[in-house]
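Here is how names work: the chains are called A, B, and so on, in the same order as the sequence lines, proteins then strands, and each is numbered from 1. Atoms considered below: every heavy atom in the structure, side chains included; atoms not considered: hydrogens, waters and symmetry mates.
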Amino acid sequence: MERIKQDSSRNSPILMTRENRTFVVSLVLFLFLAHICTLVEGFQGATVSYNRFPRIQKLGATSDEIYNSIDVISARNPSLKASNRSNDLQILNEEIEKRMSHANTDATIDYDWEGIRDLMQHIVKTANYKNTQERKLVHDSFRLISSQTFRQPTSLSWDAVKFGLEMMELQVSVGSIPRSLCLQALKSLNIFMRNTKGLSLADRQFQANSAFRILQRLCTGVGLHIPKEQNKNVQISLDERDFCMVLNGFVNVGDLQMAHRVVALQCRTDNAPPLSPIGYSILIKGHGRQGDIQGVDELLARAKMNDIEPDIIMYNSLIDAYINCDEVSKAYSLFKQLKELRPSQEEQENPLPTPNLRSYNTMLKGFAKAEDMESALSLAKEMENAKLWDSVTTNTLVSAAIATQNFAMAESILERYTIIPYTGKKRWHPNVEAYTQLIGAYSLNGDLENAKRVFKLMKERGVDPNEYTYTAIMGALAREWQTPQIKKLLLYMKNVDAIIPSVVTYNAILAGIIEKNNYQEEGDGSDLVYNKVADDVLDIFQDMLATSVTPNEITASLLVDALGYCKPSRLDETRNIISKMDENGLVNSNNARISTSMIRAYSKASDIAGAQRTFDAISEPDTIAFNALLSAYCDSGSIRQAMNIYRNNFNLAELKNGESYVSHDVATYTILISSLLKIGSTQNASKMYNEMKKEGISPDTGAIDAVLTPMISLGNSVGLTDKDINFISEVLADGRKLEWPGEYLKRKEKAIKIISSGRMRDSSIESLDEDPLFKRKNWNKVDSGFKLWGGIIPQETSKPVIDEFLESKNWNDMDSSFRLF
DNA sequence: CTAGGGTTAG
């Protein structure tokens, strides 16, 4: 398929009229189709992607040609007509040998895996397994393949190994396989499971599952045989490493159930080694990542019961697991225990290992996560004094500063600890992550100028930006809707720095542009603004396709958002693009995320039936989609309907009908409560508030505000009953348990006091809704945006504070004889 | 075979 070139002479879409906007969309779709065809061509008929690279040399004939020759030969020899399959098999076997033999001569040859697969399937289907000679030929063909795909040391790609594994499964379906083949396959898998960079989740799942099946076969002996001439070069029995590799594979894809099956297999197998601290470390990591503190504790108890002596790695895994479970103090007490000086260590029965640099860095990460800058700094000072410091320490300390919004401190840490000059052999500068994070943080704070400054600073200090850095800086530009600059930077990134943007890069840009759109005030000709935003989004999307970056579900939902925000909603275009993407197998249009955006779009277009239809079609509806549906009904004024939907769903839970039940969250109730209050139904709002708490859902700041703000204005206009006052007091009491930025709650309290003492229309009440902080975050708009100040604290005058801190820690006049790098 | 850093996300 010929690649369609991007027409760069095209006008900027911002200046476009509606007519040629249709042209843009068609163009986008056209490019899209071209892109898809290229993709499909590569994936055709295969469950796996073998032909991602251009074929350099065509090997042998096509399968059809082979079948044809067989027919020709058979026809020419009537004596063979008595269905002499052995001869056919012989021919096919020779063809396989021919195709596989190229392996040794030229590594640049791309195998025709599809053709080989066809031939093997034909062989397997036509052979007579009762005939010894035929059976031997079949297995000989398989051996020809496996000896290449699993050869050691491997110089083949993951695709080759993947093909070998597929063929092994095919072989198992027609007979037993040699034990040595299993061990060989496991060894090959090992190599690719160790370095999983660049592999998709599906590939990693395939690896773990394949490895498990092989392991299972090796443990049980089912479907295995041991040939007489045993290959002496091959590992003979299983050792702990084999189990740990598979275990780690499952933990890394987040499948703990399978991980525990591996452990069970290991424990059940007679001559397998028992679970060691290594296995425990892997499992602890897995449960920690899931935030399953109970699982972590159970593992620790089990290790103790089995008299396991944990090494430093297992302790570090534990510290990290505690941190991942938000149990930083638990992590710290373990860390302190390890640090304690034990003078009579020899006398102790179980001496604890000494913490190493990784223990310290992990602990530092914990303080960063807990936003405890003071502890982070004092630990960092201790590390510097003990000469325990590396680039991860710098990066982690910077992330702690950023987490506490101490940007000036982040910059001074970077100024002091950036590795200069950097001569490492690694692909990237080790501190690029810290700079990237800082750019991202400035961007999130709406501070494009500083984000750009840091980006320039990196160049000055020889810290080369990578894909992540570009993503962050272009996200920052997108938030300020600087499309021309973004396009320039994209070109620079691709052509000068030779970095290929990822789907995340493009999603960040699209999300940023749309976010800015959110901030546009309604009215004042904003339909024009919305349409310009949508055109820019489509423009970037087109660039994405032209760069051959495959869009995903997030991309699709962002496109829906962009077009859905338009006035009027460009729903037809939206549907066309999404169904095109669906037809080409890129996304599932019934994906919950895409559908949620569609529901919002329908809601904006006042098409409530469309919203309901979309929800009903979702393959796995979730809370957020459900909430969007409720919002749609509420926004269209059908609160009664929204309540009915909620009730029906609630009853499903009572009936324990888990199939279609969607769980509620605090947002579900906030939507219902705020629209009930909008029509002055304080009684029902109060009922819902209590139902929420009865369900074990505690109100957050958004829920509290959704009650207090409208209740206060109701109090000002129509007055409140005693019951209403009780409701407010209850909510206020809940609110006091939460952290609020600035004076928010105090003001509300004051306003409520005034109302309940009968005084109306006080000037302090009116000013409530004009808090600039809330305005910036759209706080005043009661909609389904809830996490309105996720960690955003007004920037303090942090510079003097930091200097004081550094002064008090004597960091400003550190012993200069100690050079870190 | 096991432990510590970054970008997007209804």
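Side-chain atoms of A:D561 and base atoms of B:dG10 include no donor and acceptor less than 3.5 Å apart. For B:dG10, its base never sits under 3.5 Å from the side chain of A:N627 at any donor and acceptor pair.
A centroid separation of 6.0 Å or more is found between the aromatic rings of A:Y435 and A:F455. For A:Y417 and A:W389, the distance between ring centers is under 6.0 angstrom. Taking the six-membered ring for Trp and the full ring otherwise, A:Y322 and A:F335 have centroids separated by 6.0 Å or more.
Atom pair A:N507:CG and B:dG10:P shows a separation of 11 Å (rounding to whole Å applied). When the P atom of B:dG10 is taken as reference, atom CG of A:N552 falls 13 Å away, rounded to whole Å. As rounded to whole Å, 14 Å separates atom C1' of B:dT7 from atom CD1 of A:I486. For the pair A:N316 CG and B:dG5 C1', the interatomic distance rounds to 16 Å; values are reported in whole Å. Rounded to whole Å, atom C1' of B:dA9 lies 14 Å from atom CG of A:L559.
If you check B:dT8, B:dG6, B:dG5 against the side chain of A:V504, the one that comes closest is B:dT8. If you check B:dG6, B:dT2, B:dG5 against the side chain of A:W428, the one that comes closest is B:dG6. When the nucleotides B:dG6, B:dT8, B:dA3 are ranked by their closest atom to the side chain of A:I313, B:dA3 comes out on top. Candidate nucleotides B:dA3, B:dT7, B:dG5 were compared by shortest atom distance to the side chain of A:T436, and B:dT7 ranks first. Comparing B:dA3, B:dG6, B:dT7 by their nearest atom to the side chain of A:T471 picks out B:dT7. Distance from the side chain of A:R600 is smallest to B:dG10 among B:dG10, B:dT7, B:dT8. Checking B:dT2, B:dG10, B:dT8 against every side-chain atom of A:R593, the shortest atom distance belongs to B:dG10. Relative to the side chain of A:I554, the nucleotides B:dA3, B:dA9, B:dT7 differ in distance, and B:dA9 lies closest. The side chain of A:V392 lies closest to B:dG5, out of B:dG5, B:dA9, B:dG6.
In this structure, B:dG6 is classed as anti because its glycosidic torsion departs from zero by more than 90°.
Among the atoms of the strands shown, base atoms are found under 4.0 Å from some heavy atom of A:S281. When heavy atoms are screened at a 4.0 angstrom cut-off, A:N190 is found touching the sugar-phosphate backbone but no base atom. A:A628 comes within contact range of no nucleotide atom at all, as no heavy-atom separation falls under 4.0 Å. Backbone-only contact: A:S317 has heavy atoms under 4.0 Å from sugar-phosphate atoms and none from a base. Here A:V432 lies in heavy-atom contact (under 4.0 Å) with a base.
Not a single donor-acceptor pair under 3.5 Å links the side chain of A:T547 to the backbone N or O of A:V549.
At least one side-chain nitrogen or oxygen of A:N248 sits closer than 4.0 Å to the OP1 or OP2 atom of B:dT2. Side-chain nitrogen and oxygen atoms of A:K285 include at least one within less than 4.0 Å of the OP1 or OP2 phosphate oxygen of B:dA3.
For the pair A:K494/A:I499, no side-chain contact is recorded, criterion being any heavy-atom separation below 4.5 Å from C-beta on. A 4.5 Å side-chain heavy-atom check between A:I420 and A:V463 finds every atom pair outside the cut-off.
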